Amino acid sequence: MKTIAGSHGAPSTDGPRPDLPLKGLRVVEFCQIAAGPFCGMLLADFGAEVIKIEPPSGDGLRQWPPLTGGFSENFASLNRGKQSAVLDLKRPEGLELARTLVLDADVLVENNRPGVMDRLGLGWSWFSARKPTLVYCSISAYGQTGPRSGEGGFDLTVQAAAGIMSVTGEAGADPVKCGVPVSDFTAGLYAAYAIASIVAQVRAGGQGAHLDVPMFSTTLAIAALQTSEYFGTGRNPARLGSAHPRNSPYQAYRASDGWFVIAAGNDRLWRAVCQVVERMDLVEDPTFASPSLRALNQVALTGILSEQFTRDSVEAWLSKFEQAGVPSSAINGYAEALGDRQAEHLELVRPMVLPNDIATSTVGCPIRVNGRAVEVRTEVPVLGEHTDALREASRSDLDERCGGAHGGNT
């Protein structure tokens with residue numbers, strides 16, 4: 001199938017950029033909201049052609065605010081560089097085109113509840129018999145099998161189930177979730193990583209595979225320090241706010257005009273902190289003689305340091321710690337983080353034009369290759385923008401293969 005023209009009728013930047021490793025890879029995405037669309041976007045950023053299949057009502061993320069001229073900035077942030085086709089998968093013609101698109105593709109990504117794709121006639125068992133090189137990736141809350149496989153889930157419920165909320169927030173306070181949807185995006189990252197791995201296997205002459213990516217599993221997998229603490233002690237890790245269970249000083253502190261953080265994760269940095277706050281006597285205090293002792297006695301240590309820090313401003317302390325080589329930072333909002341001089345150097349903020357021709361911005365690919373930022377496609381598809389072109393391309397391909405006769409896939 002030929003590459004379809006870009007969004008809004010413009011030339012596509014000509015589809016996948018020729019210098020990227022996933023050039024020529026075609027992905028069909030049956031996903032909504034966050035985890036699956038994030039996976040698809042990561043693949044698109046590295047050169048894949050991603051065809052997003054949406055129901056007639058569209059991906060639910062299209063309705064999420066902020067809406068700029070009626071178009072969702074949230075949707076744009078996870079679906080740049082994709083094509084959009086609207087298919088009613090419960091109708092024969094929608095199912096036929098979906099199957100054709102997948103059989104012409106290399107990768108299928110879906111984030112439905114287990115069993116949904118099978119009921120639609122789009123399951124792994126149907127495709128594996130017809131295209132053994134297909135990489136079929138299923139993202140779900142708890143996995144494709146097991147006692148909880150039938151449960152739905154969102155980032156919040158998975159954060160709760162997988163332990164994240166038990167270690168997030170201040171000691172003794174009400175449970176809170178991580179402000180960034182880590183369970184959604186961790187699943188998307190693991191899915192893209194696994195897809196790329198199996199694609200390499202296929203390109204080397206191997207077979208495809210069905211990848212089962214449970215958000216529950218991937219959320220537990222990134223908690224290696226917390227799970228190893230449990231395995232080693234038999235105790236649940238505790239909430240510590242911004243503090244660290246094995247290092248101190250390693251947390252947020254209040255200055256005279258706001259908050260900042262320092263991370264003195266070893267003895268050399270601890271000595272530097274003592275020099276900055278002019279308390280070299282603390283270096284000789286046996287209570288704070290090692291990272292483990294400082295962590296064990298961090299309540300007392302925090303009290304000592306907090307008294308010092310309230311005597312000067314955030315800017316003054318950060319300047320002193322920078323000169324001393326101690327990792328430190330103001331606690332930025334996203335406006336400050338995106339405006340940071342390092343964000344500018346890394347070319348993270350990229351211009352984007354929404355389908356309504358309103359200019360906005362997006363955070364581009366965070367990876368640099370050979371010292372250069374990856375040039376991402378930032379066009380965002382209108383709902384169903386590419387349906388007719390994809391249908392016509394599918395018919396043309398079928399005509400070429402079958403001498404003009406074509407029928408449904410069964």
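Position 1 is the first residue of the sequence; numbering continues from there. In this text, all values refer to a predicted model and were calculated from it rather than measured experimentally.
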side-chain contact (heavy atoms from CB on, under 4.5 Å) assessment of Ile195 paired with Leu43: CA-CA 9 Å; Ile195 288 168; Leu43 299 173; 4.0 Å; yes
Asp88 and Pro55, any side-chain heavy atoms less than 4.5 Å apart: no
Over 12 non-hydrogen atoms of neighbours within 6.0 angstrom of CZ in Arg271: no
By side chain to side chain contact (heavy atoms under 4.5 Å, CB included) - contacts of Leu225 (at least two apart): Arg246
Donor-acceptor pair, side chain of Lys131 and main chain of Ala105, under 3.5 angstrom: yes
Gln32 (side chain) donor-acceptor with Gly60 (main chain) under 3.5 angstrom: yes
Pairs involving residues 324-369, ordered by first then second residue, that meet ring pair (Phe, Tyr, Trp, His ring centres under 6.0 Å) (sequence neighbours left out): none
Short N-O contact, Arg62 and Asp59, less than 4.0 angstrom: no
Under the side chain to side chain contact (heavy atoms under 4.5 Å, CB included) test, residues paired with Ala252 that sit two or more places apart: Ser242, Trp259, Val261, Ile331
Expected output: side-chain Ser319 to main-chain Glu315 donor-acceptor under 3.5 Å: no
Partner residues of Glu110 under the salt bridge (charged side-chain N to carboxylate O under 4.0 Å, His left out) criterion, sequence neighbours left out: none
4.5 Å side-chain heavy-atom contact, Cys274 and Leu282: yes
Using a 3.5 Å cut-off and no angle test, enumerate the donor-acceptor pairs between side-chain atoms of residues 69-78 and protein atoms at least two apart in sequence or in another chain.
{"unit_1": "Ser72", "atom_1": "OG", "unit_2": "Leu61", "atom_2": "O", "d": "3.2"}
{"unit_1": "Ser72", "atom_1": "OG", "unit_2": "Trp64", "atom_2": "O", "d": "2.8"}
{"unit_1": "Ser72", "atom_1": "OG", "unit_2": "Asn74", "atom_2": "N", "d": "3.2"}
{"unit_1": "Ser72", "atom_1": "OG", "unit_2": "Phe75", "atom_2": "N", "d": "3.0"}
{"unit_1": "Glu73", "atom_1": "OE1", "unit_2": "Thr360", "atom_2": "OG1", "d": "2.8"}
{"unit_1": "Glu73", "atom_1": "OE2", "unit_2": "Thr68", "atom_2": "OG1", "d": "2.7"}
{"unit_1": "Glu73", "atom_1": "OE2", "unit_2": "Thr360", "atom_2": "OG1", "d": "3.2"}
{"unit_1": "Ser77", "atom_1": "OG", "unit_2": "Asn74", "atom_2": "O", "d": "2.7"}

Salt bridge Glu151-Arg148, side-chain N to carboxylate O under 4.0 Å: yes
Given Lys82, Arg26, Arg377, the one that forms salt bridge (charged side-chain N to carboxylate O under 4.0 Å, His left out) with Glu49: Arg26
Residue pair Asp212 / Ile139, side-chain heavy-atom distance below 4.5 Å: no
Sequence neighbours left out, cut at 3.5 Å: what donor-acceptor pairs do the side chains of residues 161-170 make with other protein atoms?
{"unit_1": "Ser166", "atom_1": "OG", "unit_2": "Gly163", "atom_2": "O", "d": "2.7"}
{"unit_1": "Thr168", "atom_1": "OG1", "unit_2": "Ile164", "atom_2": "O", "d": "2.6"}

Heavy-atom check, side chain of Asp106 versus side chain of Val135, under 4.5 Å: no
Worked verdict on Arg395 versus Leu97 for side-chain contact (heavy atoms from CB on, under 4.5 Å): CA-CA 9 Å; Arg395 287 172 178 162; Leu97 181 53; over 6 Å; no
Partner residues of Gln308 under the side chain to side chain contact (heavy atoms under 4.5 Å, CB included) criterion, sequence neighbours left out: Val277, Arg279, Arg311
Exercise: do Ser149 and Gln144 side chains pair donor with acceptor under 3.5 Å: no
Heavy-atom side-chain proximity of Val109 to Val28 below 4.5 angstrom: no
Pairwise side-chain contact, Leu122 with Leu120, heavy-atom cut-off 4.5 Å (strictly under): yes
CD/Glu336: more than 12 non-hydrogen atoms of other groups inside 6.0 Å: yes
Donor-acceptor pair, side chain of Thr218 and main chain of Met215, under 3.5 angstrom: yes
Neighbour count >12 (heavy atoms, 6.0 Å) for atom CD, Gln275: yes
Partner set under salt bridge (charged side-chain N to carboxylate O under 4.0 Å, His left out) for Glu93, not counting sequence neighbours: Arg91
Within residues 173-201 or reaching into it, pairs that qualify as side-chain hydrogen bond (donor to acceptor under 3.5 Å, both in side chains) - sequence neighbours excluded: Ser183-Thr219
Side-chain (Arg294) to main-chain (Phe288) donor-acceptor, under 3.5 angstrom: yes
Ion pair check, Arg235 and Glu229, cut-off under 4.0 Å: no
For Asp312, side chain to side chain donor-acceptor pair (under 3.5 Å) partners two or more places apart: Lys320
Backbone of Gly265 reached by a side-chain donor or acceptor of Trp270 within 3.5 Å: no
Sole residue of Arg350, Arg368, Arg80 in salt bridge (charged side-chain N to carboxylate O under 4.0 Å, His left out) with Glu375: Arg350
Contact list for residues 197-226, test ring pair (Phe, Tyr, Trp, His ring centres under 6.0 Å), sequence neighbours left out: Trp124-His210, Tyr136-His210, Tyr142-Phe216
Under the side chain to side chain contact (heavy atoms under 4.5 Å, CB included) test, residues paired with Asn247 that sit two or more places apart: His244, Tyr250, Pro291
Exam field: side chain Gln159 to backbone Pro181, donor-acceptor pair closer than 3.5 Å: no
Donor-acceptor contact present, side-chain Ser306 to main-chain Thr302, <3.5 Å: yes
